[in-house]
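Okay, so here's the structure we're looking at.
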Amino acid sequence: MADSRAFVLLMRAQIALDDKDTARAREMCEAARVETENATPPPQFVVMLNAVDALTVTAESGPEHGLPRLVDALRFAVEKRCADVITATLTDAAADLLTRLGDHPRAIRLLAASEHWRRGNPRLQPERGHAERAETAARTALGAEWFTSEHTRGTALTHDDVLHDLAEAVRGLQLPADQAP
């Protein structure tokens with residue numbers, strides 16, 4: 001029973017986030033986390049709960065604050081051997097945050113890696129829209145040749161390569177010392 005309550009609360013948190021109701025998303029995310037204390041959720045549930053939390057932090061405080069949490073969620077997903085669709089979704093979300101931070105080369109590498117992991121399966125919304133916006137922004141910022149070069153590099157990235165790339169991005173964030181990850 002606790003598992004199903006936690007799942008419903010997680011879905012409510014995602015819906016609130018989609019509706020840009022950050023306070024409600026935070027409330028539902030925290031309630032879902034409390035429910036998991038009385039349950040044994042599978043790793044992919046914990047991963048998605050942590051991802052929704054990271055995106056809520058992003059909505060509350062900006063991508064520089066959400067990215068470290070999203071990277072932690074991806075690292076946990078890789079450690080727990082979650083399905084590629086889960087790691088691809090998290091990688092797309094990280095690429096979106098990197099785009100907002102102006103790190104277009106890294107964002108394109110991540111999008112290319114995620115496409116490769118999807119094995120030809122298309123992105124669903126809202127990831128598709130985020131990916132299209134990131135690609136458009138990167139083409140404009142980088143130009144066609146550099147864009148293509150980064151995309152090509154990204155198709156060969158493993159999960160560990162992506163985690164390494166993201167760890168570098170997090171280290172490069174300019175946060176006040178009391179807010180550093």
Would you find a donor on one side and an acceptor on the other, under 3.5 Å apart, between the side chain of Arg26 and the backbone of Thr56?
no
More than 12 heavy atoms of other residues, nucleotides or ligands under 6.0 Å from CD of Glu145: yes or no?
no
Do any N or O atoms from the side chain of Ser61 and from the backbone of Thr58 form a donor-acceptor pair under 3.5 angstrom?
no
To the nearest 0.5 Å, tell me how far Ile86 CD1 sits from Trp117 CH2.
12.5 Å
Which heavy atom in Arg118 sits nearest to a heavy atom in Pro122, and how many Å separate them?
NH1-O, 4.4 Å
Minimum heavy-atom distance between Val71 and Leu163, given as atom pair plus value
O-CD2, 4.2 Å
From Leu67 CG over to Leu55 CG, what is the distance, rounded to the nearest 0.5 angstrom?
10.5 Å
Side-chain H-bond candidate by donor/acceptor type, Arg33 with Asn50, under 3.5 Å
yes
Closest non-hydrogen contact found for Pro43 with Phe76 is O-CE2, 3.9 Å
One should read off an interatomic distance between Leu17 CG and Met28 CE, to the nearest 0.5 angstrom, of 13.0 Å
For Thr158 and Asp161, test the side chains for any donor-to-acceptor distance below 3.5 angstrom and give the result as yes or no.
yes
Could you tell me whether the side chain of Asp53 reaches within less than 4.5 Å of the side chain of Arg69, counting heavy atoms only?
yes
May I ask whether Leu166 and Ile108 are part of the same hydrophobic cluster, defined by side-chain heavy atoms of I, L, V, M, F, W, Y residues being less than 4.5 angstrom apart, directly or through others?
no
Quick one: does Gln44's side chain have a donor or acceptor within less than 3.5 Å of a partner on Met48's backbone?
no
Applying side chain to side chain contact (heavy atoms under 4.5 Å, CB included) to Leu10 and Cys29, what does each step give before you reach the verdict?
CA-CA 6 Å; Leu10 176 60; Cys29 195; 5.6 Å; no
Taking Ser114 as the fixed residue, which of Asp84, Asp92, Thr91, Thr89 is the one that meets the side chain to side chain donor-acceptor pair (under 3.5 Å) rule?
Asp92
Heavy atoms of Ala77 and Leu90 approach each other most closely as CB-CD1, 3.9 Å
Side chain to side chain contact (heavy atoms under 4.5 Å, CB included) assessment of Glu135 paired with Leu111:
CA-CA 8 Å; Glu135 289 175 352; Leu111 289 172; 4.0 Å; yes
Roughly how far apart are Leu157 CG and Arg109 CZ, rounded to 0.5 Å?
7.0 Å
Between the CZ atom in Arg100 and the NE2 atom in His130, the distance rounded to the nearest 0.5 Å is 7.0 Å
Counterpart residues, ring pair (Phe, Tyr, Trp, His ring centres under 6.0 Å), relative to His151 (two or more places apart):
none
Please report the C-alpha distance between His104 and Trp146 in whole Å, then the side-chain angles of each, then the deciding distance to 0.1 Å, and finally whether the ring-ring contact (aromatic ring centres under 6.0 Å, His included) criterion is met.
CA-CA 10 Å; His104 300 292; Trp146 191 5; 9.3 Å; no
Salt-bridged, Glu150 to Arg153, with N to O below 4.0 Å?
yes
Going by an N to O cut-off under 4.0 Å, is there a salt bridge joining Glu132 and Arg123?
no
State plainly whether one hydrophobic cluster holds both Val78 and Leu70, where clusters connect Ile, Leu, Val, Met, Phe, Trp and Tyr through side-chain heavy atoms under 4.5 angstrom apart.
yes
How far apart are the closest heavy atoms of Cys82 and Thr87, and which atoms are they?
O-CG2, 4.4 Å
Does Met11 share a hydrophobic cluster with Val85, counting links as ILVMFWY side-chain heavy atoms below 4.5 Å and allowing steps through other members?
yes
Salt-bridge criterion met for Glu79 and Arg75 (N-O under 4.0 Å):
no
Give a yes or no on whether a salt bridge exists between Glu27 and Arg12, defined as a side-chain N under 4.0 angstrom from a carboxylate O.
no
Going hydrophobic residue to hydrophobic residue with side-chain gaps under 4.5 angstrom, can you get from Leu173 over to Val57?
no
If you measure from CG on Leu9 to CD on Gln14, what distance do you get to the nearest 0.5 Å?
13.5 Å
If you take all heavy atoms of Phe45 and Phe7, which pair is closest and at what distance?
CE1-CA, 3.6 Å
